[in-house]
Amino acid sequence: MYKIEKASRSELPALIELGLKTERELNSFIDEKYWKKFYTKERMQFFNSTGYIAKSGGEIYGFISLSDSGTIYGLFVHPEHTNRGVGRALIEEALKHTDELECKIYMKNRAALRFATAMRFMIVDAQLDTDTEQIQYIVKYSKHTNDFDDVKIRR
């Protein structure tokens, strides 16, 4: 069984490796060069935010990185530990520290969209990521389920 704890700077290399591996697998429709550029040290500011990891015996099962306002910069679960409650546990940990969560999910990343929907996130908008030329959904979760004044409904 794993436990959730606050991430430490010493774990950054392992978190970067897990994030890159997961992104490559789930977002294989994006050119590999993009991910290599994205994960350079200069672009790692989101890992300097608040992070929580799920781990057992030194093995990292997954992690979540988020801002103080609830923006999720990354939620990654090791492929060997998907569909075992790790992602849910990380979201639940984040919700101990904020009432709302928000993140972007590529439209073609069906696994992440299924997970977000199962966790009661709502799609509130969509935008073009100009770096990848891919559509991203902006999804939000609120403990107060009717607090989505900024939802854009399109017909």
Do you see a donor-acceptor pair shorter than 3.5 Å between the side chains of Ser49 and Ser65?
-> yes
Would you give the length of the straight line joining atom NZ of Lys143 to atom CG of Leu95, rounded to the nearest 0.5 angstrom?
-> 5.5 Å
Centroid separation Tyr52 to His97 less than 6.0 Å = yes
For Ile53 and Ala7, which heavy atoms make the closest approach, and how far apart are they?
-> CG2-CB, 3.8 Å
Minimum heavy-atom distance between Ala118 and Arg88, given as atom pair plus value | O-NH2, 4.2 Å
In this structure, CD1 of Ile91 is separated from CD1 of Ile72 (nearest 0.5 Å) by 4.0 Å
Verify, without hydrogens or angle tests, whether Ser56 (side chain) and Met1 (backbone) share a donor-acceptor contact under 3.5 angstrom.
-> yes
How far apart are the C-alpha atoms of Met119 and Tyr141, what are their side-chain angles, what is the distance that settles it, and do they pass the side-chain contact (heavy atoms from CB on, under 4.5 Å) test?
-> CA-CA 8 Å; Met119 293 299 299; Tyr141 174 90; 5.7 Å; no
Would you kindly say whether His81 and Glu59 are connected by a side-chain donor-acceptor distance under 3.5 Å?
-> yes
Residue of the set Tyr61, Phe115, Phe63 for which ring pair (Phe, Tyr, Trp, His ring centres under 6.0 Å) holds with Phe76 | Phe63
Considering non-hydrogen atoms only, spot the tightest contact between Gly62 and Leu18 and give its length.
-> CA-CD2, 4.0 Å
Nearest heavy-atom neighbours spanning Ala94 and Ile64 | CB-CD1, 4.0 Å
May I ask you to decide whether Glu5 forms a salt bridge with Lys55, counting only side-chain N to carboxylate O separations under 4.0 Å?
-> yes
Could you grab the distance from atom CD of Gln136 to atom OG1 of Thr130, nearest 0.5 Å is fine?
-> 9.5 Å
Between Leu26 and Ala111 the two heavy atoms that sit nearest each other are CD2-CB, 4.1 Å
Between NZ of Lys104 and CG of Asp125, what distance do you get to the nearest 0.5 Å?
-> 10.0 Å
First locate atom CD of Glu93, then atom CG of Leu66, and finally report the distance between them rounded to the nearest 0.5 Å.
-> 9.5 Å
For residues Tyr2 and Gly85, report the shortest heavy-atom separation together with the two atoms involved.
-> OH-O, 3.2 Å
Distance only, no hydrogens: is a donor on one side chain within 3.5 Å (strictly under) of an acceptor on the other, for Asp131 and Tyr34?
-> no
Does a side-chain heavy-atom distance below 4.5 Å link Arg24 with Glu32?
-> yes
Check whether any side-chain heavy atom of Ile135 sits under 4.5 Å from a side-chain heavy atom of Leu128, and report yes or no.
-> yes
Sort out for me which residue in Thr22, Thr132, Asn109 forms a side-chain hydrogen bond (donor to acceptor under 3.5 Å, both in side chains) with Asn27.
-> Asn109
To the nearest 0.5 Å, tell me how far Ile16 CD1 sits from Glu11 CD.
-> 12.0 Å
